[in-house]
Amino acid sequence: MREVLAQAAFQLFLERGFERTTVDDIVARAGVGRRSFFRYFPSKEDVVFPDHERCLAEMTEFLAAVDDGDPVGAVCDAARIVLRMYAADPEFSVQRYRLTREVPGLRTYELSVVRRYEQTLAGHLRDRFGADGDGELRAEVIAASVVAAHNNGLRLWLRSGGAGDPEAAVDHALDLVRDVWERPAEPSPALEKQEEKRAGKQAGKRAGDRAEDPVPAGGFTTGSGDSEVIVMVAAKGTPMWRVVQQIEAAVGES
């Protein structure tokens, strides 16, 4: 009955448009009463997404049974459950995609559905990472990355009219997520350069602020050859950038 109602609804949406189709129109086309409609769908918007509740339940069950050894891989695999749901009926999926692009209210509803998937993934990751430190943040960011990657690949397929293999684009996008989140965190070279540049600006600003009140600092070397030692003498309160500058000068001279 759920499928019968969904098919009747989409026939009418395509013929009349979403806004001009009523629940009474849908049940008349399906040959059932209003009570039958609301037994399966709380609203007309819900009939556009008849399979998401089942898919969400399947995702939740999958995550509850999955091995804890690879949490990022697990949520990527869970996202593929949604992909398979779309791929099982390409014609319906493409029609729904086009309809949601045309009706702003359906687009908003779809975003709320997507958010439920994301929260399910994030909840699984929080259970694995913990709520202390960056565990909760990491869970939220990874879940959002998985959903964004999945949706990017899925929409490429939907925009093509359902041509080709939808799994190829989604797998590629999810592989990027795993590449980022399954390896140990490393400092970004671009971020390191940005931090160096920021530190340089701060040093320059401190130098300008104290230009009229310089603090003496100096250094000397002792010993010879490989045993040469640099000793730095600076007054209390000398800016660190000036101490480093004097050390660099002494090293250069030695």
Side-chain angles (χ1 to χ4, degrees), residues 2-21 25-26 29 41-60 62-63 72-122 125 140-182:
R2 177 182 290 272
E3 293 179 4
V4 168
L5 288 167
Q7 290 174 0
F10 266 83
Q11 289 173 0
L12 291 167
F13 295 156
L14 294 174
E15 294 171 9
R16 307 178 186 180
F18 179 81
E19 300 295 346
R20 296 182 180 179
T21 300
D25 295 331
I26 296 171
R29 176 67 63 90
F41 302 106
S43 68
K44 186 175 68 171
E45 287 75 14
D46 287 281
V47 78
V48 180
F49 307 94
D51 36 19
H52 279 295
E53 288 298 330
R54 175 186 57 78
C55 189
L56 187 64
E58 185 177 349
M59 174 186 286
T60 302
F62 170 81
L63 290 172
V72 178
V75 292
C76 286
D77 289 340
R80 291 185 175 91
I81 295 174
V82 184
L83 172 65
R84 289 194 292 271
M85 179 263 289
Y86 276 89
D89 192 345
E91 182 179 358
F92 178 79
S93 296
V94 171
Q95 288 177 349
R96 172 166 55 191
Y97 175 74
R98 292 172 178 169
L99 185 63
T100 56
R101 303 282 74 73
E102 297 171 359
V103 183
L106 289 179
R107 177 60 179 154
T108 301
Y109 186 97
E110 183 183 43
L111 290 174
S112 70
V113 174
V114 171
R115 179 57 181 161
R116 292 179 66 192
Y117 285 120
E118 184 177 322
Q119 289 175 327
T120 300
L121 300 180
L125 293 172
E140 293 285 347
V141 173
I142 294 176
S145 301
V146 169
V147 169
H150 169 273
N151 288 349
N152 180 275
L154 175 62
R155 286 167 186 160
L156 286 174
W157 177 69
L158 292 171
R159 284 195 291 268
S160 74
D165 179 11
E167 293 191 18
V170 171
D171 285 347
H172 175 68
L174 291 176
D175 284 345
L176 292 178
V177 174
R178 298 189 68 165
D179 286 345
V180 170
W181 290 107
E182 287 186 340

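Because the structure is a prediction, the values reported are computed rather than measured.
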Before you tell me yes or no, could you show the steps for E102 and E19 under side-chain contact (heavy atoms from CB on, under 4.5 Å), namely the whole-Å CA-CA distance, both residues' side-chain angles and the distance that decides it to 0.1 Å?
CA-CA 11 Å; E102 297 171 359; E19 300 295 346; over 6 Å; no
Report the distance from atom CG of L99 to atom CZ of R96, rounding to the nearest 0.5 Å.
10.0 Å
Result of checking Y109, Y117, F92 against F49 for ring pair (Phe, Tyr, Trp, His ring centres under 6.0 Å)
Y109
More than 12 heavy atoms from other groups under 6.0 Å of CD on E15:
yes
Spacing of SG belonging to C76 relative to CG belonging to D175, to within rounding of 0.5 Å
8.0 Å
Taking every heavy atom of A149 against every heavy atom of V177, the minimum-distance pair comes out as CB-CG2, 3.6 Å
To the nearest 0.5 Å, what is the distance between CG (L121) and OG1 (T60)?
9.0 Å
Look at the rings of F13 and F10 and say which category their plane angle falls in: under 30° parallel, 30 to 60° tilted, over 60° perpendicular.
perpendicular
If you round to the nearest 0.5 Å, how far is CG of D171 from NE2 of H150?
10.0 Å
Nearest 0.5 Å please: distance from the CG atom of N151 over to the CG atom of L156.
11.0 Å
Between the side chain of D46 and the main-chain N/O of S43, is any donor-acceptor distance below 3.5 Å?
yes
Smallest heavy-atom separation, R155 atom then Y97 atom, equals CG-CE1, 4.0 Å
For residues G164 and W157, report the shortest heavy-atom separation together with the two atoms involved.
O-NE1, 3.5 Å
Check the surroundings of atom CZ in R116: do more than 12 heavy atoms from other residues, nucleotides or ligands lie under 6.0 Å from it?
no
If I compare all heavy atoms of G161 with all of R98, which pair ends up nearest, and what's the gap?
CA-NH2, 4.1 Å
Look up atom OH in Y86 and atom CG in L154, then write down how far apart they are to the nearest 0.5 Å.
6.0 Å
Where is the tightest heavy-atom contact between L83 and P166, given as atom of each residue plus distance?
CD1-CB, 3.9 Å
Please check: side-chain N/O of K44 versus main-chain N/O of A9, any donor-acceptor pairing under 3.5 Å?
no
Looking at F62, I'd like to know if the NZ or CZ of R80 sits under 6.0 Å from its six-membered ring centre while staying within 45 degrees of the ring's axis.
no
Shortest non-hydrogen pair, A78 vs L63, comes out as CB-CD2, 3.8 Å
Tell me which one of E58, M85, R2 satisfies side chain to side chain contact (heavy atoms under 4.5 Å, CB included) with D51.
M85
